Amino acid sequence: MADVIQLLPDSVANQIAAGEVVQRPASVVKELMENALDAGATKVQVILKNAGKGFIQVIDDGKGMSPRDSRMAFERHATSKISCAQDLFNIRTMGFRGEALASIASVAEVELRTKREEDELGTYLFVADSELKNQENINCSRGTNMLVKNLFYTIPARRKFLKSDTTELRNITTEFLRVALTAPDIAFTLVNNGNEIYNLPASGLRQRIVNAFGKTINTKLLPVNCETGIVTINGFVCIPQHARKTYGEQYFFVNNRFMKHNFFHKAITEAYAGLISGDMIPSYFLYFTVDPSIIDVNIHPTKTEIKFQDESAIFQIILASVKEALGKFNVTPTIDFDTEDKVDFTVPDSPILPKVPKVSYNPHYNPFNYSTSISKEDSNFEQSGGNSSRQNFEPRHKEKVPANWDALFAGLEDKTEEVQTEIPEMAEKQEDHEGIISFVQMKGRFIVTPVHSGLMFIDQKRAHERVLYERYLETLSHQQICGQKSLFPETLELSAEDFLLVKEIMDDLAMLGFELGEFGKNCYAIYATPSDLSTSRGKEVLISLIEHYKNTEGSIRDKMRERIALSLAKAASLDYNTPLDRQEMSNLFDNLFACQHPNYTADGKTIIHILKNEDVTQWFK
């Protein structure tokens with residue numbers, strides 16, 4: 001029988017390796033930006049066309065490469081970062097595997113222009129399908145200019161599974177920020193189809209965060225500084241009021257490398273325990289500086305999973321340092337230097353000793369003495385000066401007990417108090433004498449009403465959410481909701497990622513009654529809100545809708561209207577502890593049972609529960 005095992009060609013092996021390294025255009029942006037940082041760049045530009053599907057261009061002013069190095073960079077496992085296995089335990093650069101450029105060149109067409117400062121001419125390379133097609137000397141500026149075109153042209157199936165341009169651009173902005181936040185002293189620019197999305201000049205860490213996430217986050221940052229023998233932690237956490245229900249502003253960096261670490265994230269959430277609800281996620285930007293020998297970054301090709309030698313100790317350090325930052329925020333008062341119109345407190349030259357108060361009392365006073373005049377002992381006490389405060393007072397006269405006072409209770413007989421055994425409006429019948437269903441609001445959350453089989457409990461928020469969901473879904477399918485114009489439009493400032501998300505669902509928001517217009521960079525003006533929504537809640541509802549939409553799985557266009565309707569229903573439904581009168585509870589009850597599926601919300605949560613008579617009877621056996 002012939003041998004069946006054979007060695008794969010390099011091009012096929014590179015395409016297999018590219019499946020882990022290059023998953024989408026955002027992966028290419030990440031790898032090329034990290035190479036620019038390792039090259040010592042002070043300015044990095046990322047230029048895209050059609051969210052990377054057209055091309056991806058990364059330009060830096062780093063040290064560049066020689067002609068030989070530029071060729072070797074596209075070979076598998078060719079790198080300048082390490083030379084032996086021992087170097088894996090002292091990694092301080094972003095890359096070290098030597099797989100990125102080889103993987104990219106196996107699934108795309110790559111043009112490279114690079115030049116070192118000491119060279120007169122630069123080098124131009126064109127690589128496609130892992131083959132060097134052309135190399136020549138050219139005149140170019142110092143640094144590296146990498147252009148990636150026709151991504152996944154060798155793997156059509158992978159290209160077919162790419163998402164919409166807006167979705168891919170959101171993924172690119174996520175990777176862009178992860179790299180940009182590691183080096184605030186380096187300028188970064190991101191442009192897509194000629195539109196500048198980010199322009200981050202070289203600055204300090206706090207200013208870099210503000211430039212990336214908007215001016216509103218500046219007042220919400222709390223500094224964290226902790227230095228120990230194991231780890232040094234610097235950065236910022238956000239105030240509890242800034243916590244959200246979705247992930248997005250949670251950043252861990254170790255030795256200026258972004259990482260994901262669920263165990264350390266748990267330490268953050270424990271530090272916020274009691275300050276935020278369990279479904280909220282705090283925001284943080286924490287930078288760890290450790291000895292490279294105690295961490296392992298060689299776990300996954302994306303290098304975002306990192307193992308620590310003593311995770312439990314670092315967990316406790318994170319918990320203590322974040323609690324300290326939050327404690328300073330909650331306890332330390334602000335200092336007011338404005339002394340105008342303030343009360344001037346004069347400080348005496350010498351301390352004044354407090355006087356011991358003297359207490360005087362009449363030891364012969366009898367509270368049960370109903371005499372109309374002061375007793376002899378009391379009179380003698382006042383004459384002796386025992387209580388000078390009472391000398392000018394008239395004697396106190398006590399009212400006499402009325403005669404025959406017991407006759408007031410004549411004719412009354414002992415009666416046994418009747419115990420009320422029936423709760424008002426909770427009778428066995430479902431309707432009272434006027435034919436109206438009885439309702440009671442319980443704990444500001446449940447609507448309770450009697451039914452023939454027992455008591456029905458209705459979650460008022462979920463019930464309202466179900467009603468709104470079906471109403472919005474029906475409207476989106478047939479017609480547009482009328483919007484209510486605002487006399488003074490509110491502005492909604494967002495991060496670049498959320499700004500792109502709103503642009504993606506703008507048509508569906510218009511169907512719901514929202515009218516938005518771009519108002520500066522990463523900012524919208526809210527000109528109209530749905531007619532059945534208070535204009536004062538328009539901004540709040542939009543923010544809640546964005547947060548819920550980001551947390552919703554899937555991005556299939558056919559189900560977008562269901563997600564939009566569910567997001568808006570959750571945001572616009574009435575809150576718990578909202579008092580409802582009898583008519584409002586009746587209307588909500590009627591609208592709920594007019595829905596197609598009144599028992600559950602659109603995401604499967606229970607709305608109705610019936611406490612049966614049989615269950616109650618069992619309690620008293």
Side-chain angles (χ1 to χ4, degrees), residues 241-249 276-281 443-447 457-477 481 483-484 490 492 494 497-498 501-502 504-514 516 524 526 528-556 558-578 580 584-585 587-589 591-609:
Q241 292 80 358
H242 188 65
R244 299 181 177 180
K245 292 187 177 181
T246 57
Y247 290 90
E249 296 176 358
I276 60 176
S277 59
D279 59 342
M280 304 297 286
I281 304 171
K443 298 289 186 181
R445 173 169 183 170
F446 302 104
I447 297 174
F457 291 80
I458 302 174
D459 190 301
Q460 65 182 37
K461 179 176 178 62
R462 295 179 182 179
H464 193 212
E465 177 187 322
R466 183 74 213 187
V467 172
L468 292 178
Y469 171 76
E470 295 201 3
R471 182 185 303 171
Y472 290 139
L473 193 60
E474 178 69 18
T475 303
L476 285 172
S477 302
I481 296 177
Q484 181 178 355
E490 283 190 289
L492 179 63
L494 302 169
E497 181 181 357
D498 292 346
L501 173 61
V502 173
E504 179 182 359
I505 61 176
M506 186 71 75
D507 293 339
D508 294 288
L509 291 177
M511 291 290 292
L512 292 171
F514 284 102
L516 305 178
Y524 287 105
I526 307 174
T529 56
S531 56
D532 56 349
L533 183 67
S534 173
T535 55
S536 61
R537 294 196 62 201
K539 184 175 180 179
E540 174 190 350
V541 169
L542 267 176
I543 294 175
S544 300
L545 189 151
I546 293 170
E547 292 299 316
H548 178 72
Y549 184 84
K550 288 194 300 184
N551 203 30
T552 305
E553 296 182 357
S555 58
I556 302 176
D558 296 340
K559 293 188 177 182
M560 179 173 291
R561 298 186 187 278
E562 287 84 347
R563 296 202 308 276
I564 291 291
L566 176 59
S567 300
L568 187 58
K570 283 183 173 293
S573 58
L574 57 87
D575 296 326
Y576 292 125
N577 298 320
T578 301
L580 301 176
E584 290 172 334
M585 290 188 286
N587 293 339
L588 182 58
F589 181 86
N591 292 332
L592 175 63
F593 283 94
C595 296
Q596 295 181 355
H597 306 284
N599 293 324
Y600 299 95
T601 62
D603 50 355
K605 296 180 180 178
T606 303
I607 300 176
I608 298 172
H609 178 76

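None of these values were measured; they are calculated from a predicted model. Throughout, numbering of the chain's residues begins at 1 and tracks the sequence.
Separating the CG atom in L580 from the OG1 atom in T578 is a distance of 6.5 Å, to the nearest 0.5 Å. Of the inter-residue distances, the one linking I458 atom CD1 with T606 atom OG1 reads 13.0 Å to the nearest 0.5 angstrom. In this structure, CG in D603 is found 3.5 Å from NZ in K570, a value given to the nearest 0.5 Å. Rounding to the nearest 0.5 Å places OG1 of T529 at 6.5 Å from CZ of F514. Distance check, rounded to the nearest 0.5 Å: CD1 of I447 to CD1 of I607 gives 11.5 Å.
Shown here for Y469 and A569, the closest heavy-atom pair between the two residues is N-CB, 3.6 Å. Closest approach of L574 to H464, counting heavy atoms only: N-ND1, 3.0 Å. Taking each heavy atom of A463 and L588 in turn, the nearest pair found is C-CD1, 4.2 Å.
Heavy atoms of other residues, nucleotides or ligands lying less than 6.0 angstrom from CD of Q241 number more than 12.
Of the listed residues (R462, Q460, E465, K461), just one forms a side-chain hydrogen bond (donor to acceptor under 3.5 Å, both in side chains) with S573, and that residue is K461.
Here Y576 pairs with D459 under the side-chain hydrogen bond (donor to acceptor under 3.5 Å, both in side chains) rule; sequence neighbours left out. Residues satisfying the ring pair (Phe, Tyr, Trp, His ring centres under 6.0 Å) criterion with F593, sequence neighbours excluded, are F589.
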Inset, instruction - Before giving the answer on side-chain contact (heavy atoms from CB on, under 4.5 Å), spell out for N587 and E584 the whole-Å C-alpha distance, their side-chain angles and the decisive distance to 0.1 Å. - result: CA-CA 5 Å; N587 293 339; E584 290 172 334; 5.5 Å; no
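The pair E470-R466 meets the salt-bridge criterion, with a side-chain N (NZ, NE, NH1 or NH2) lying under 4.0 Å from an Asp/Glu carboxylate O.
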